[in-house]
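What follows is a single structure, written as structure tokens, with notes after it.
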4 protein chains.
Amino acid sequence: MSRGTTRERLFTAAIDLIAERGFAATTVDRIAERAGVAKGTVYYNFGSKSALFDALLDFGITRFAQRLRDAAAGLPPDAALDAVVREELAFLAEHEAFARLLIAETWRQGGGDWQHAALMIRERVVGAVADVLRAAVDAGLLRADLDVPTAASAVFGMVLVVGLDWRALQPDRPRAEVEATLLDLLRGRLAAV
Amino acid sequence: MSRGTTRERLFTAAIDLIAERGFAATTVDRIAERAGVAKGTVYYNFGSKSALFDALLDFGITRFAQRLRDAAAGLPPDAALDAVVREELAFLAEHEAFARLLIAETWRQGGGDWQHAALMIRERVVGAVADVLRAAVDAGLLRADLDVPTAASAVFGMVLVVGLDWRALQPDRPRAEVEATLLDLLRGRLAAV
Amino acid sequence: MSRGTTRERLFTAAIDLIAERGFAATTVDRIAERAGVAKGTVYYNFGSKSALFDALLDFGITRFAQRLRDAAAGLPPDAALDAVVREELAFLAEHEAFARLLIAETWRQGGGDWQHAALMIRERVVGAVADVLRAAVDAGLLRADLDVPTAASAVFGMVLVVGLDWRALQPDRPRAEVEATLLDLLRGRLAAV
Amino acid sequence: MSRGTTRERLFTAAIDLIAERGFAATTVDRIAERAGVAKGTVYYNFGSKSALFDALLDFGITRFAQRLRDAAAGLPPDAALDAVVREELAFLAEHEAFARLLIAETWRQGGGDWQHAALMIRERVVGAVADVLRAAVDAGLLRADLDVPTAASAVFGMVLVVGLDWRALQPDRPRAEVEATLLDLLRGRLAAV
DNA sequence: TATGAATGAGATTTCATTCAT
DNA sequence: TATGAATGAAATCTCATTCAT
């Protein structure tokens with residue numbers, strides 16, 4: 001089996017398991033078992049459990065950010081914002097396990113390497129949202145004095161939490177409904193009249 | 001040292017450590033060490049590591065929910081929504097470690113005990129937000145067909161993520177600025193004109 | 001069981017086993033088994049396998065050096081030299097396992113902590129021999145220009161190697177005979193006439 | 001690359017590493033890495049880690065013993081003893097890593113394979129010293145009742161320990177000085193007058 | 001002749017829990 | 001009410017060896 005294939009199998013297995021139980025509670029034994037390889041293979045490929053986690057986080061974040069950028073590419077600013085929100089929700093639904101992992105392992109403090117991971121999230125995923133907001137500001141669609149980083153964080157967080165709650169509490173609900181509520185909220189269309 | 005004092009010291013120590021490393025990665029040894037007591041004392045007072053965590057979560061959530069309810073109490077619906085957002089942000093700033101713990105340990109699945117904890121969050125904290133939204137709908141301030149649970153989740157999540165990013169990335173920024181951006185976003189005041 | 005007792009039992013067990021197989025080939029499992037304690041107890045008391053080894057080396061060297069000093073104490077320089085040689089041989093016979101460990105694990109290079117251990121040997125055990133030689137020089141019994149450190153190293157090494165070969169190859173030979181050959185060699189009494 | 005070259009590169013790498021860390025603590029991975037070949041190449045050439053070690057020990061000991069015999073060949077007994085000591089010291093200086101390996105891995109017991117290696121040392125290297133001593137006894141230069149095996153062990157050990165201490169502690173000291181002290185000690189020329 | 005990904009047995013280490021004091 | 005030495009199950013990690021290429 002090629003090295004690449006093995007690494008991907010381990011990624012998939014690890015994402016699922018870490019999402020379910022968390023990083024610390026997921027054993028290398030189980031990751032190897034689910035990937036269908038020997039335990040030593042994890043260490044041959046990644047060196048340590050936490051190196052596997054780092055690689056996996058990097059892999060997932062890169063894909064996530066790229067998805068958001070691709071969704072917005074070429075659209076006018078107002079449509080781009082809707083597209084980014086839609087795409088984030090779609091990604092969460094598709095990669096629910098990774099989303100759980102992201103929210104559970106990201107907001108750490110002090111723990112050395114985790115700080116680094118947290119910054120990666122901000123820079124790459126939230127950054128994609130911020131870029132769209134900034135383009136909307138430049139196009140005159142949003143207030144010129146908008147606090148873009150905070151707004152990007154707010155949009156990203158709102159969709160993330162709503163997405164996870166949706167999957168956890170009402171998984172049978174159609175995505176369109178959840179999406180509509182989010183877009184209404186975002187566009188200020190909550191008022192009664 | 002009184003029992004109450006010992007328990008409180010253990011609470012504080014556990015919150016800090018779990019916020020830093022996560023529940024599974026926090027050892028009873030370190031909790032006891034930071035609290036300045038012997039390891040056996042943890043077991044004498046709480047019986048087990050997870051019982052300590054449950055007690056701590058219950059304690060924190062009760063306070064958090066009560067703060068949100070108190071903030072909204074007696075206010076007209078529109079002012080109540082602002083007040084709840086303000087209070088959530090204030091609580092996050094005051095109890096940053098607990099907030100990190102909350103976001104890190106809540107969205108788990110399959111873990112058995114964790115499901116229970118997750119529901120407690122939803123029912124008690126997000127419930128406080130939902131109550132305010134429902135009152136606004138009843139008062140005709142918000143659309144009658146508003147998806148209240150989703151909106152509550154969105155509001156709670158937006159503030160939570162923005163609050164943690166604020167503390168992590170720009171701790172010196174005045175709370176008023178962050179608050180203003182959040183309220184504008186919530187009230188649909190982002191449009192350029 | 002008191003902590004002191006447990007540590008001593010682990011020392012004894014570890015010295016025997018490391019002498020037989022070497023440090024790296026001796027498992028913590030076997031050390032614990034021979035000491036009659038659980039494996040975790042080794043870690044509770046010493047923190048790591050190599051910390052146990054360091055403690056054990058320090059313990060053994062301290063005893064060894066003290067035995068040599070005590071043997072020479074109060075004797076005139078010429079008798080002191082004989083006494084030190086006799087005592088070194090006696091110690092090797094009594095603590096054969098520790099002697100094997102000493103010779104096997106001491107002359108390492110580069111490996112970080114081992115350098116430190118090697119210096120301890122030199123400073124404390126060989127130092128005891130050097131002190132006796134220096135006293136003999138001062139008393140006019142040995143050449144004033146004697147290279148004391150090298151001579152001390154030579155005397156120590158000669159007795160060490162002879163002692164280990166004796167135990168390994170001819171364990172039934174009386175110590176007196178081996179001792180006599182060593183003292184003759186040392187005193188320059190090998191010549192035919 | 002020829003087979004001979006590969007084997008030599010592996011010898012050199014293994015000697016250095018085993019001298020630094022010991023046999024058990026030296027991994028086949030590191031040997032291959034330092035030799036600049038793939039791990040499988042070690043197995044292709046030697047079949048196993050211990051076979052590599054055996055071959056290396058045999059190679060080194062053969063050379064060592066031969067050097068001692070060559071140095072003594074054709075000399076009168078008294079000059080031969082000096083020559084053997086000088087040559088041993090020279091060999092240690094040239095092949096310091098091998099000497100460390102020798103002293104570290106020789107005095108084991110119970111290890112099964114090691115017993116064999118230990119006997120090889122005794123028979124071949126110390127045997128060369130013993131032969132010279134026996135010739136001196138036969139020539140009437142040394143006491144007829146000299147315990148030749150013990151004396152050979154003593155001479156070999158003295159030079160070995162002094163040589164390693166010299167390289168480890170005072171590598172810049174000229175060999176002639178160390179040599180002179182050893183020969184004086186051996187010839188009983190330590191007395192003050 | 002050489003490679004290096006994969007293995008799995010066995011090593012070191014961790015840590016929640018117990019219990020005698 | 002509190003302690004901390006001891007435990008042992010279960011975790012992480014190592015590494016000699018194999019084998020398809």
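Between F/dA2 and B/Thr6, a contact under 4.0 Å exists linking OP1 or OP2 to a side-chain N or O. Taking side-chain N and O atoms only, C/Lys49 has a distance below 4.0 Å to OP1 or OP2 of E/dT12. Put simply, D/Thr41 has a side-chain N or O that comes within less than 4.0 Å of OP1 or OP2 on E/dT3. Under 4.0 angstrom from either OP1 or OP2 of F/dC13 there lies at least one side-chain N or O belonging to A/Tyr43. Here A/Tyr44 does not reach the OP1 or OP2 of E/dA6: none of its side-chain N or O atoms lies under 4.0 Å away.
B/Asn45 has its CG atom 9 Å from the C1' atom of F/dA2, to the nearest Å. Rounded to an integer number of Å, the gap from C/Leu10 CG to F/dA6 C1' is 11 Å. Rounded to an integer number of Å, the gap from CD of A/Glu33 to P of F/dA10 is 14 Å. Atoms CZ (B/Arg30) and C1' (E/dT14) sit 13 Å apart, rounded to a whole Å. As a whole-Å value, the separation of B/Ile31 CD1 from F/dA2 C1' is 17 Å. Summarising the geometry, the separation between CZ on D/Phe53 and P on F/dA16 is reported as 14 Å, rounded to the nearest angstrom. Atom NZ of C/Lys39 and atom P of F/dA10 are 12 Å apart (whole Å). Computed from coordinates, the B/Ile18 CD1 to E/dA16 P distance equals 11 Å when rounded to whole Å.
Taking every side-chain heavy atom of D/Val28 into account, F/dT17 is the closest of E/dT17, F/dT17, E/dT12.
Nearest heavy atom pair, residue C/Asn45 against residue C/Arg7, reads O-NH1, 3.0 Å.
Between the CZ atom of B/Phe64 and the CZ atom of B/Phe59 there is a distance of 14.0 Å, given to the nearest 0.5 Å.
Under the Watson-Crick or G-U wobble criterion, with both distances below 3.5 Å, E/dT21 is paired with F/dA2. Pairing for E/dA11 goes to F/dT12, judged as Watson-Crick or G-U wobble with the two contacts each under 3.5 Å.
Each of C/Ala38 and A/Thr27 was matched to the nucleotide of DNA chain F holding its nearest heavy atom; the match closer to the 5' end belongs to C/Ala38. Between D/Gly40 and A/Val42, the residue anchored closer to the 5' end of DNA chain E is D/Gly40, taking for each the nucleotide with the nearest heavy atom.
Taking the six-membered ring wherever Trp is involved, the centroid distance between the rings of B/Phe11 and B/Phe53 does not fall below 6.0 Å.
Both tests hold for A/Lys49 against A/Phe23: distance to the six-membered ring centre under 6.0 Å, angle to the ring axis within 45°.
Checked for salt-bridge contact, C/Asp58 and C/Arg63 miss the test: no charged N lies under 4.0 Å from a carboxylate O.
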